[in-house]
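Notes to accompany the following structure.
Numbering starts at 1 and runs along the sequence shown.
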Amino acid sequence: MKKYLFAGSAIALLSAVPAQAAEVIFTDRTAFDAATGAGLTFESFETEQSGATVNYPGFSVTESNGFDFITHTSINSFFTSATSDGANSIWFDDNGSSLATFVFDAPINAFGFDVAAAAAGTMTFSGGAAGSFALGADTPTFFGLISDTAFTTLQFDMSGGPEVGFDALSFGIANVAAVPEPATWAFMIFGFGAIGGALRRNRKANVKVSYA
C-alpha cells in the first residue's frame, strides 16, 4: 500500500505544478514553418521607409536609446549583408543601449525573421518573450519563437555598436499545444518512474517459487 501511496503522491505533486508561459525557440526556418503551419503574415521589407519608426501592414518597428533611426537598405546601402530575401531589408545602428521594438496591431504567438549584425555578438530579446542568441558577423541567422501566450511587443538589443538588420519576417497566430516547463518534465519523470518501480516490486512480491 505504501508503494502506491508514494506513486500517487508523485502524481498529485505533478498535477499541482502551476501552468506557466512556455516558449519554443527555432534556429531553422524550415522547422519553424512546419511547426506554425500556413496562415502567418510575411513581410520582406521591400517598401522603402526610414525614420525613428517604420510602419508595415500589421506592425511597426521603432528604434530608441540610440540614433533613433531605422533605415531601408535601398535608401542607405551601407549594411547590405542583412538582406536575405528580395532586394532589401531594414537596419539600424545598435550603439549603447539601443532597442529595436516590434509592436503588432493584434496579439500574436509566433514570430520569426532573418537577423544579421555587422559584428559578432549576442542578441537579446524581451517583451512578450525573453532570452538571447548568438550572431556571427555579416551572416543572416534565422530566429523564431512560438509561445503559448499571445503578445504584441518584442524588443531586440545588441549593444556595442554593430549595425543590425532584419529581413523575411513571419508573424501571426500558430495553433500549437503548450510545451511543459522543465520542472513539469522533472515531476513527470519522477512520477512515472515511481509508478514503474512500485509495479515491478509488487510483481516480484507476488511471485511464488516452487521446487521440484
- For Asn55, does its backbone N or O pair with a side-chain atom of Gln49 as donor and acceptor, under 3.5 Å? yes

- Message: A side-chain contact here means heavy atoms from C-beta on lying under 4.5 Å apart; do Ile108 and Phe151 qualify?
- Response: yes

- Inter-residue atom distance Asp94.CG - Glu163.CD, 0.5 Å rounding: 9.5 Å

- Mind checking whether Phe104 and Ile146 sit in one hydrophobic cluster, side chains of I, L, V, M, F, W, Y counted as touching below 4.5 Å? no

Side-chain donor-acceptor contacts of residues 131-139 below 3.5 Å, not counting sequence neighbours, with atom names and distances?
residue, atom, partner, partner atom, Å
Asp138, OD1, Ser81, OG, 3.1
Thr139, OG1, Ala137, O, 2.9

- Item | Heavy-atom closest pair, residues Ala119 and Met158 | O-CE, 3.2 Å

Residues 25-33, side-chain donor-acceptor partners within the protein, below 3.5 Å, at least two apart:
residue, atom, partner, partner atom, Å
Asp28, OD2, Thr30, N, 3.2
Asp28, OD2, Ala31, N, 2.8
Arg29, NH2, Asp114, OD1, 3.3
Arg29, NH2, Asp114, OD2, 3.4
Arg29, NH2, Ala168, O, 2.9

- Query: Checking Asp167 side chain against Ser84 main chain: does a donor-acceptor pair fall under 3.5 Å?
  - Reply: yes

- Message: Measuring from atom CD1 of Ile90 to atom OG1 of Thr83, what distance do you get when rounded to the nearest 0.5 angstrom?
- Response: 11.0 Å

- Item | Heavy-atom donor-acceptor pair, Thr71 side chain to Ser50 backbone, under 3.5 Å | no

- Would you say the side-chain atoms of Asn65 pair up with the backbone N or O of Leu99, donor to acceptor, closer than 3.5 Å? no

- Message: Just to verify, which of Val164, Val115, Thr73, Ile70 counts as forming a side chain to side chain contact (heavy atoms under 4.5 Å, CB included) with Trp91?
- Response: Thr73

- Item | Short side-chain to backbone donor-acceptor contact, Ser44 and Glu46, under 3.5 Å | no

- Identified side chain to side chain contact (heavy atoms under 4.5 Å, CB included) partner of Thr101 from the options Val61, Leu154, Thr153: Thr153

- Message: Can you give me the closest heavy-atom contact between Asn88 and His72, atom names plus distance?
- Response: CB-CE1, 3.0 Å

- Item | Closest approach of Ala150 to Pro107 (non-hydrogen atoms, all atoms of both residues) | CB-CB, 3.8 Å

- Query: Can Phe142 be reached from Leu40 by stepping across I, L, V, M, F, W or Y side chains whose heavy atoms are under 4.5 Å apart?
  - Reply: yes

- Approximate separation, where rounding is to 0.5 Å, of Phe156 CZ and Phe125 CZ: 7.0 Å

- Task: Please report the closest heavy-atom contact between Gly128 and Glu23, naming both atoms and the distance.
- Result: O-OE2, 4.2 Å

- Message: Using the side chain to side chain donor-acceptor pair (under 3.5 Å) criterion, which residues pair with Thr53? Sequence neighbours excluded.
- Response: Thr62

- Message: I need the minimum non-hydrogen distance between Ser98 and Glu63, along with the two atoms involved.
- Response: OG-OE2, 3.6 Å

- Answer yes or no: is there a side-chain heavy-atom contact under 4.5 Å between Phe59 and Thr41? no

- Can you tell me if Glu43 uses its side chain to pair, donor with acceptor, with the backbone of Pro57 under 3.5 Å? no

- If two hydrophobic side chains count as joined below 4.5 Å and joins carry through other members, does Tyr56 share a cluster with Phe102? yes

- Result for ring-ring contact (aromatic ring centres under 6.0 Å, His included) between Phe166 and one of Phe143, Phe79, Phe113 points to Phe113

